[in-house]
Amino acid sequence: MKIERAEVIVTSPDRNFVTLKVTTDDGLVGLGDATLNGRELAVASYLADHVAPLLIGRDAHRIEDTWQFLYRGGYWRRGPVTMAAISAVDVALWDLKAKAANLPLYQLLGGASRTGLLAYGHASGRDLPELFDSVRSHLEQGYRAIRIQTGVPGLRAIYGIASNPTSEANKGVRYDHEPAQRAARPAEEDWDSRAYLRHVPGVFEAVRNEFGPELPLLHDAHHRLTPTQAAQLGKALEPYDLFWLEDCTPAENQESLRFVRQHTTTPLAIGEVLNSIWDYQTIITERLIDYVRSAVTHTGGITHLKRIMEFAALYQIKSGFHGPTDVSPVGMAAAAHLGLAIHNFGIQEYMKHGARTDAVFGQTFRFTDGLIHPGDEPGLGVSLDVDEAGRYPYQTAYLPYNRLADGTVHDW
Ligand code: CS2
Ligand code: MG
């Protein structure tokens, strides 16, 4: 099964997506997601200018060899751009191998370890009434686990709030659905960690009082706290029994999680900005996290994330794969196939894509009664309508950034 064509398709139906389409000499097509929010064209060029020409003529069945060829052969290793590019090739080859075997991909990854994947959705509100309405609407949509994001008094626009103001070009698109605003420059937002720390525990108390003790609740601190503040928040949230507190502090310094772990038993999830098994070495071997948050798209594909999950299994750490709308339907399908097969599955993030995106990407992926299933079509179960994609050319879009009250740039 020789690779005959490797094309990079950039489209912007509801947001920008980068997809690698690999076609073999016997006419099979494999797809891989290479979308890196706010830096899409960097990966598109890495693939089109440097990788795609090297794939032509290769045996599509040799997935591990191709992975090592691109990782070691590329000399410059790791990092979000390289690992997103390698991921797209890897997933496209797994899609091809499963289609050649006429099996859904999860069957090649060891078969199903469960009937479906528990998924969580994003509820948010600037205030409690808006938040409660958002939780109710997610429960009505069938979600059985809910991420809670809240506005903070005194702060104009913060991460994760659906009703935040958006750019003119993003009118009608929920802010939390697409934080990367279509604009020539990134939007500046404000932040105050002490105001946030004073406000959030009370919100979780109110949500528990309103919705009871059982509902799994998640929260994303989105990399904004120091290790000490993260320990304070984790401790303050213990009475509300969170499923997880995510990205409580930037993870570049993996050891900083030791301090957080020493002070709170609130489960911790980290990894959406980590790109390789080496980025997880300390936080897994010292069990400083409970959930691996990587996306297949940003972590070297199914081959590498499966390796990370096998490593994590030794330490009873589970998956909590990243699944916002900037992971394309191809990336979501890959996460669902891997999540269905691995033993140490925890939960899957799932934000629904828009109608234009669903028109570009055909999917057998389904969300029923709170559970995700990738479907039983051969391969990933995703198709790409190139003509439809062609209707939506790339649009410049940037994720926002933060400044503190004194003007200091802060983690967004
Ligand atoms: C977030 C993402 O879903 C999450 O947990 O952290 O929404 C993140 O902000 C975006 O994926 C950035 O592109
Ligand atoms: Mg997150």
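The figures here come from the full heavy-atom set of this structure, side chains too, leaving out hydrogens, waters and symmetry mates. Every number for a ligand or one of its atoms is a count from 1 in the order of the listing.
- Neither the backbone nor the side chain of Met351 comes within contact range of ligand 1; no heavy atom lies under 4.0 Å.
- Taking 4.0 Å as the cut-off between side-chain N and carboxylate O, Asp14 and Lys352 do not count as a salt-bridged pair.
- The Mg ion (ligand 2) lies at the vertex of an angle of 90° between the OE2 atom of Glu246 and the OD2 atom of Asp220 (rounded to 10°).
- The proximity of Tyr120 to ligand 1, defined as any non-hydrogen pair under 4.0 Å, does not occur for either the backbone or the side chain.
- Put simply, part of His122 is less than 4.0 Å from ligand 1, judged by heavy atoms.
- A ring-centre distance under 6.0 Å is not found for Trp412 and Tyr401.
- Separating the CE atom in Met309 from the CG atom in Asn344 is a distance of 4.0 Å, to the nearest 0.5 Å.
- Using a 4.0 Å cut-off between heavy atoms, Arg15 makes no contact with ligand 1 at all.
- Those atoms of ligand 1 with a heavy atom of Arg147 less than 4.0 angstrom away are 3 (O), 4 (C), 5 (O).
- Here Asp247 does not reach the Mg ion (ligand 2): none of its N/O/S atoms is less than 2.8 Å from the metal.
- Inclusion of Trp412 in the set of residues having an N or O under 3.5 Å from an N or O of ligand 1 is not warranted.
- A centroid separation of less than 6.0 Å is found between the aromatic rings of Tyr71 and Trp278.
- Interface of Asp220 with ligand 1, defined as ligand atoms under 4.0 Å from a residue heavy atom, comprises 1 (C), 4 (C), 5 (O), 6 (O).
- Centroid-to-centroid, the aromatic rings of Trp191 and Tyr196 come within less than 6.0 Å.
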Practice prompt. Tell me, with the steps shown, if Glu349 and His122 meet side chain to side chain donor-acceptor pair (under 3.5 Å).
Written response: CA-CA 9 Å; Glu349 178 178 15; His122 290 199; 2.6 Å; yes
Practice prompt. Start with the C-alpha gap between Arg182 and Asn16, add the side-chain angles, then the distance that decides, and say whether side chain to side chain donor-acceptor pair (under 3.5 Å) holds.
Written response: CA-CA 9 Å; Arg182 287 170 170 165; Asn16 297 320; 5.3 Å; no
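- Seen from the ring of Phe17, Arg15 counts as a face-on cation partner, given the 6.0 Å and 45° thresholds.
- Residue contacts with ligand 1, taken as heavy atom pairs separated by less than 4.0 Å, do not involve Asp247 at all.
- At least one N/O/S atom of Glu272, whether from backbone or side chain, sits less than 2.8 Å from the Mg ion (ligand 2).
- When Asp326, Thr35, Thr325 are checked for heavy-atom proximity to atom 11 (O) of ligand 1, Asp326 turns out nearest.
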